[in-house]
Amino acid sequence: RLRQYEPEFLTECLRKHQVFEHFANAMCVIPIEDYPLFKPIRTQMQHRLQPSIEKMQHTIQHVLERLSHEGPLPSRAFQSHKKVHGYWDNTDAKTKETSHALTLLYDSGVIQVVKRESGERYFDLTEHFIPKSILDKAEAISLSEAKQALIDKYIRAYRIVDGQSQRFGWFKMTAAERKADIDKRVQNKQLVPLEIEGVKRHYYLLSEDLETLKACETSSSTLSANKMTFLPPLDNLLWNRERIKDFFGFDYKWEIYTP
């Protein structure tokens with residue numbers, strides 16, 4: 001999306017502790033100031049991965065001790081002859097045990113990617129990478145406050161949202177929880193119900209965008225495109241295919257998944 005973007009930009013941002021990598025829509029690069037907001041996702045991931053971490057406690061401890069004493073290390077710095085079932089292994093265990101330990105610790109937020117060299121990730125302890133002032137804020141914020149702040153950020157990012165999306169808020173919620181949150185925001189006039197002609201799905205517009213939408217409806221000029229942009233198949237804009245179909249009438253299918 002950014003014409004002059006170079007991979008070195010990410011390396012520089014990591015070096016300056018300006019960003020961190022974590023789950024949002026998928027694995028994303030996120031401003032370091034938002035680290036406290038992602039407490040709900042870290043908590044859910046830690047709870048889900050704890051049984052796997054406990055099974056590998058000896059290896060986990062070995063990895064943490066090395067990172068504590070040696071600082072940033074890549075996966076290849078850890079030697080292990082034992083193979084375990086990693087995320088992408090099917091019937092056979094093909095993943096190096098220490099590599100899987102790094103993945104579990106990374107996904108649960110215990111360690112961070114702190115730099116990349118030629119595409120290789122270097123890991124370090126979270127307390128070595130995230131500034132203490134931000135760690136203190138993450139500790140102080142309650143889980144409920146972080147959830148609301150994260151949903152606020154999600155809504156500001158998407159501008160138009162629907163309660164059926166399982167990515168609502170970027171953390172796991174039940175359908176009833178999503179509906180209750182949206183209903184509360186409608187009542188508080190943060191969101192406005194939005195009807196789209198020919199679309200059955202219920203969408204909600206950020207209230208501050210309502211006047212802009214009305215201006216577009218009453219404008220005598222028509223929207224026109226004077227350039228074309230090609231998007232990669234997994235661009236964030238294309239993740240929610242129902243949304244793309246509802247907004248643009250574009251029924252998107254990628255044949256790598258659908259023959």
Side-chain angles (χ1 to χ4, degrees), residues 10-11 13-30 32 34-143 146-147 150 166-167 170-173:
L10 174 57
T11 301
C13 287
L14 285 170
R15 187 186 68 80
K16 293 180 177 179
H17 299 236
Q18 294 175 330
V19 297
F20 71 105
E21 298 183 25
H22 200 55
F23 292 100
N25 191 45
M27 186 59 74
C28 297
V29 178
I30 303 166
I32 199 79
D34 287 341
Y35 180 83
L37 276 59
F38 283 78
K39 188 173 187 174
I41 300 178
R42 289 193 298 274
T43 302
Q44 289 181 350
M45 291 297 293
Q46 289 166 3
H47 178 74
R48 183 168 71 85
L49 297 176
Q50 189 58 35
S52 298
I53 291 176
E54 290 176 354
K55 289 179 182 178
M56 301 177 61
Q57 197 56 241
H58 177 75
T59 304
I60 292 287
Q61 193 60 37
H62 167 69
V63 169
L64 291 176
E65 287 177 357
R66 285 201 59 188
L67 292 176
S68 177
H69 292 111
E70 300 178 45
L73 293 171
S75 177
R76 60 182 169 83
F78 296 90
Q79 301 299 319
S80 176
H81 299 292
K82 184 177 180 180
K83 302 292 184 180
V84 297
H85 280 91
Y87 287 175
W88 303 103
D89 296 339
N90 293 321
T91 56
D92 298 328
K94 300 179 180 180
T95 302
K96 190 171 67 171
E97 186 178 36
T98 50
S99 295
H100 190 49
L102 285 167
T103 298
L104 293 174
L105 291 168
Y106 173 50
D107 287 351
S108 59
V110 179
I111 64 177
Q112 303 287 325
V113 170
V114 299
K115 68 175 180 177
R116 294 172 181 265
E117 291 184 359
S118 300
E120 186 176 35
R121 299 180 300 174
Y122 281 69
F123 301 92
D124 201 356
L125 300 178
T126 293
E127 57 264 34
H128 288 176
F129 179 72
I130 304 295
K132 185 180 183 304
S133 60
I134 293 179
L135 287 176
D136 289 343
K137 290 179 180 178
E139 181 66 26
I141 192 172
S142 70
L143 196 58
K147 285 181 177 180
L150 194 56
Q166 294 186 5
R167 288 192 172 88
W170 293 315
F171 62 93
K172 188 175 182 180
M173 302 172 68

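None of the values given here were measured: they were computed from a predicted structure.
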Practice item. Applying side chain to side chain contact (heavy atoms under 4.5 Å, CB included), run through Phe123 and Val114 and close with a yes or a no. Key: CA-CA 6 Å; Phe123 301 92; Val114 299; over 6 Å; no
Check your understanding: Do Leu150 and Ile41 pass the side chain to side chain contact (heavy atoms under 4.5 Å, CB included) test, and can you show the C-alpha distance, the side-chain angles, and the key distance before you say yes or no?
Key -> CA-CA 10 Å; Leu150 194 56; Ile41 300 178; 3.9 Å; yes
Check your understanding: Checking salt bridge (charged side-chain N to carboxylate O under 4.0 Å, His left out) for the pair Glu120/Arg76: CA distance, chi angles, key distance, verdict?
Key -> CA-CA 9 Å; Glu120 186 176 35; Arg76 60 182 169 83; 2.7 Å; yes
Exercise for review: Check the pair Lys172, Gln44 against side chain to side chain contact (heavy atoms under 4.5 Å, CB included), reporting the backbone distance first and the verdict last.
Suggested key: CA-CA 8 Å; Lys172 188 175 182 180; Gln44 289 181 350; 3.4 Å; yes
Practice item. Give the C-alpha distance, both sets of side-chain angles, the deciding distance and a yes or no for side chain to side chain contact (heavy atoms under 4.5 Å, CB included) between His85 and Thr95. Key: CA-CA 6 Å; His85 280 91; Thr95 302; over 6 Å; no
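Taken to the nearest 0.5 Å, the CG atom of Asp34 stands 11.5 Å off from the SG atom of Cys28. Taking CZ of Arg121 as the start and CG of Leu73 as the end, the distance is 14.0 Å to the nearest 0.5 Å. Note that CG of Leu102 and CD1 of Ile111 are 5.0 Å apart. Values are rounded to the nearest 0.5 Å. From Gln18, atom CD reaches atom CD1 of Ile30 across 15.0 Å, with rounding to the nearest 0.5 Å. Residue His22 holds its NE2 atom at 11.5 Å from CG of Leu37, rounded to the nearest 0.5 Å. Considering CD of Gln79 and NE2 of His81, their distance stands at 7.0 Å, rounded to 0.5 Å.
Taking the side chain as every heavy atom from C-beta outward, Val63 and Leu67 approach each other to under 4.5 Å. Side-chain atoms of Lys96 and Ser75, non-hydrogen and from C-beta on, do get closer than 4.5 Å to each other. The shortest side-chain heavy-atom distance between Leu10 and Val29 falls under the 4.5 Å cut-off. Thr59 places none of its side-chain heavy atoms less than 4.5 Å from the side chain of Ser80. Side chains of Phe129 and Ile32 form a contact here, defined as non-hydrogen atoms less than 4.5 Å apart. Contact of the Leu105 side chain with the Leu49 side chain is not registered, since no non-hydrogen atoms from C-beta on lie closer than 4.5 Å. Side-chain atoms of Leu14 and Glu21, non-hydrogen and from C-beta on, do get closer than 4.5 Å to each other. Between Tyr106 and Val113 the shortest side-chain heavy-atom distance falls below 4.5 Å.
The aromatic rings of Trp170 and Phe38 sit parallel to each other, their planes meeting at less than 30°, with 60° as the upper class boundary.
Cation-pi check for Arg42 over Phe23 is not met; the charged atom does not lie both under 6.0 angstrom from the ring centroid and within 45 degrees of its normal.
At least one donor-acceptor pair closer than 3.5 Å links the side chain of Asp89 to the backbone N or O of Gly86. Not a single donor-acceptor pair under 3.5 Å links the side chain of Arg116 to the backbone N or O of Thr11. Side chain of Arg66 to backbone of Ala77: a donor-acceptor contact under 3.5 angstrom is found. Within the 3.5 Å criterion, the main-chain N or O of Leu64 finds no donor-acceptor partner in the side chain of Ser68. Lys137 places no side-chain N or O within donor-acceptor distance of the main-chain N or O of Pro36, the cut-off being under 3.5 Å. Remark: the backbone N or O of Lys39 is paired with a side-chain donor or acceptor of Thr43 at under 3.5 angstrom.
Each of Trp88, Phe78, Tyr87 was checked for a ring-ring contact (aromatic ring centres under 6.0 Å, His included) with His100, and the lone residue meeting it is Tyr87.
For Tyr122 against Pro74, the heavy-atom pair with the smallest separation is CE2-CD, 3.4 Å. The nearest pair of heavy atoms linking Leu143 to Pro40 is CD1-CA, 3.8 Å.
The 12-atom threshold is not exceeded at CD of Gln166, counting heavy atoms of other residues, nucleotides or ligands nearer than 6.0 Å. Counting non-hydrogen atoms of neighbouring residues, nucleotides and ligands closer than 6.0 angstrom, the CD atom of Glu65 exceeds 12 such neighbours.
Among residues two or more places apart in sequence or in another chain, the side chain to side chain donor-acceptor pair (under 3.5 Å) test is passed with Thr126 by Gln112.
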